[in-house]
Amino acid sequence: MRSPILTVAAKELIDGWRDRRAIVSAAMYSLMGPGVVAMVSFAIHDADRVLIAMMSVFTLVSAFVGGTNVAMDAIAGERERRSLVPLLLHPVTRLDLLLGKWLAVAAFCAAGLALNLAGFALLFHRLPPPALALALFPLCLLAAALEIWISTLCRGVKEAHTYLSMLVFVPMMLGMFMVFSPVAGHGWWKFVPVAGHQLLLEAGMRGAPPDPLALVAIGFATAIVAGMALAAAARRLEQDDVVYGG
Amino acid sequence: MIEVRNLQKQFGAVAALRDVSFRAPDGAITGLLGANGAGKSTTLRIVCGVLKPDAGHVVVDGVAPSSGPLALQRRVGGMLDHAGLYSRLTPREILAFSGRLHAIPAGRLRERIEELIAFLGMQSIADRPTGGFSQGERMKAALGRALVHSPHNLLLDEPTSGLDIPSVRSLRVLLQRTRAAGACIVFSSHVLEEVQALCDRVVILAGGRAVAEGSAAELCERAGVASLEDAFVAFTSAEGVAA
């Protein structure tokens with residue numbers, strides 16, 4: 001028999017997939033990077049460094065945008081349309097419900113990332129090394145954990161949309177900072193999720209082999225932050241006003 | 001059978017429940033009657049296991065409260081507040097999702113879904129996304145979800161709110177048939193006529209307390225009045241005295 005976590009994840013995947021407007025929007029955001037970089041590449045020549053930096057920032061953002069619509073619908077949307085209480089009536093722990101929803105959001109984040117990488121591969125015949133591409137997928141788990149946590153804090157889709165839109169600026173701003181800041185690549189920055197991914201990605205796109213130690217360290221740091229976000233979301237789901245109150 | 005003993009629940013500075021006790025027997029519809037804010041919804045949410053009481057406990061079919069909320073939720077079906085359906089899923093898909101969360105084996109679940117679709121008269125809407133449903137159709141899908149695991153106890157929070165007359169009649173018939181099968185049904189309402197038409201027993205709530213309990217005739221006799229409305233006024237105005 002399928003576990004409740006997978007049952008919830010499967011329902012969210014089907015439900016999310018049927019929201020075609022949201023799927024088209026997420027796909028367009030994921031492919032925005034390849035499109036923009038392609039246009040810039042027509043305008044400037046011999047500017048590999050700039051193009052690679054732009055690619056890596058857009059790739060980081062794509063790991064976040066694929067899941068935002070599903071995340072806002074998964075908890076805040078359930079509260080708004082009053083389907084959360086009926087869901088909580090089932091003999092399933094709230095942690096299991098949360099983990100199922102998190103996995104579904106992570107799957108949509110991963111689809112956004114894969115679409116973005118496919119777009120760059122198609123237009124520029126350039127992909128990060130396979131080990132690095134795989135290392136990017138834990139970033140989707142982190143993005144999904146942050147998104148689902150924000151969704152638990154919001155009472156409705158509109159509120160969740162506001163905060164999740166701000167969250168997508170985090171990889172964008174952190175990525176740009178790493179591209180242009182003189183401190184980039186020094187000290188502890190390479191262990192900070194998103195910032196460290198940007199450094200690895202940029203180096204990988206330039207053809208440098210990924211540093212295994214850096215990959216492990218950033219994976220570890222990403223898992224810790226994702227775990228903290230999930231723990232906060234789980235604690236939030238246990239509070240009375242999730243069940244009661246507008 | 002549901003036994004509620006001395007429930008208390010505080011939300012910040014507001015005491016939602018001060019002392020609620022009652023018994024809802026099998027094969028009967030028990031009505032929770034009270035004004036808005038009397039504590040009906042909070043009581044039902046605690047009985048369903050989605051809220052924890054600050055004090056007191058709930059015993060369902062003799063299962064001890066120490067068994068935890070999940071043991072309680074296996075025995076209870078609930079339709080609380082609003083239907084709360086997934087607009088992009090069909091009733092059949094919603095029932096299947098709910099049944100899987102109740103760990104009903106796949107073969108049995110398929111049979112149960114067909115039974116419910118026939119019981120609720122949902123044949124023509126079973127495979128349509130619920131997004132465009134009328135209130136009556138939404139009520140049927142939500143009731144089906146509450147019944148998917150064949151619970152012996154069914155809780156409904158103001159289920160006729162927003163329904164048209166044919167849907168109210170249809171719900172009434174469905175509840176009477178569910179009661180005839182031996183279920184314990186608890187039904188909250190602030191509409192006296194509805195409670196009088198459906199319920200075998202009435203629990204009157206006021207200010208977070210259960211102030212009276214019995215059949216409509218017993219309550220009228222105890223209050224020394226002729227109608228349930230007068231009995232309701234007598235018991236709620238003497239809140240604390242009759243408790």
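What you see below is based on every heavy atom in this structure, not just the backbone, and it leaves out hydrogens, waters and symmetry mates. Proteins come first, then strands; the chains are lettered A, B, ... in the order of their sequence lines, and each starts at number 1.
Under 4.0 Å is where a charged nitrogen must lie from a carboxylate oxygen, and between B/K52 and A/D240 no such pair does. Using a cut-off of 4.0 Å between Lys/Arg side-chain N and Asp/Glu carboxylate O, A/D73 and B/R88 are scored as salt-bridged.
When every heavy atom of A/P91 is checked against every heavy atom of B/Q73, the shortest pair comes out as CA-OE1, 3.7 Å. In this structure, B/L70 and A/V92 approach most closely via the heavy-atom pair CD2-N, 3.6 Å.
Put simply, the side chain of A/L87 reaches to within 4.5 Å of the side chain of B/Y86, judged on heavy atoms. Contact check for B/H102 versus A/H90: side-chain heavy atoms found under the 4.5 Å cut-off. Using a 4.5 Å heavy-atom cutoff, the side chains of B/R45 and A/L89 are not in contact. At a threshold of 4.5 Å between non-hydrogen side-chain atoms, the residues B/L85 and A/R81 do not count as touching. Residues B/F97 and A/D15 have side chains not in contact (no heavy-atom distance under 4.5 Å, counting atoms from C-beta outward). Within the 4.5 Å cutoff, side-chain heavy atoms of A/R18 are placed close to those of B/L89.
Atoms OG and CZ, from A/S3 and B/R100 in turn, are 12.0 Å apart once rounded to the nearest 0.5 Å. B/L51 contributes atom CG, which lies 12.5 Å from atom CD of A/Q239 (distance to the nearest 0.5 angstrom).
Surrounding CZ of A/R20 are more than 12 heavy atoms belonging to other residues, nucleotides or ligands, all under 6.0 Å away. Counting heavy atoms of neighbouring residues, nucleotides and ligands inside a 6.0 Å radius, atom NE2 of B/H152 exceeds 12 of them. The number of heavy atoms from other shown groups lying within 6.0 Å of OH (A/Y163) does not exceed 12.
Between chain A and the options B/A146, B/P69, B/S98, B/A96, heavy-atom pairs under 4.5 Å are most frequent for B/S98. Among A/D19, A/V8, A/V85, the residue making the largest number of heavy-atom pairs under 4.5 Å with chain B is A/D19.
Not one N or O on the side chain of A/E78 forms a donor-acceptor pair closer than 3.5 Å with the backbone of B/G84.
Using non-hydrogen atoms only and a strict 4.5 Å limit, the part of residues 28-43 of chain B facing chain A consists of B/S41, B/T42.
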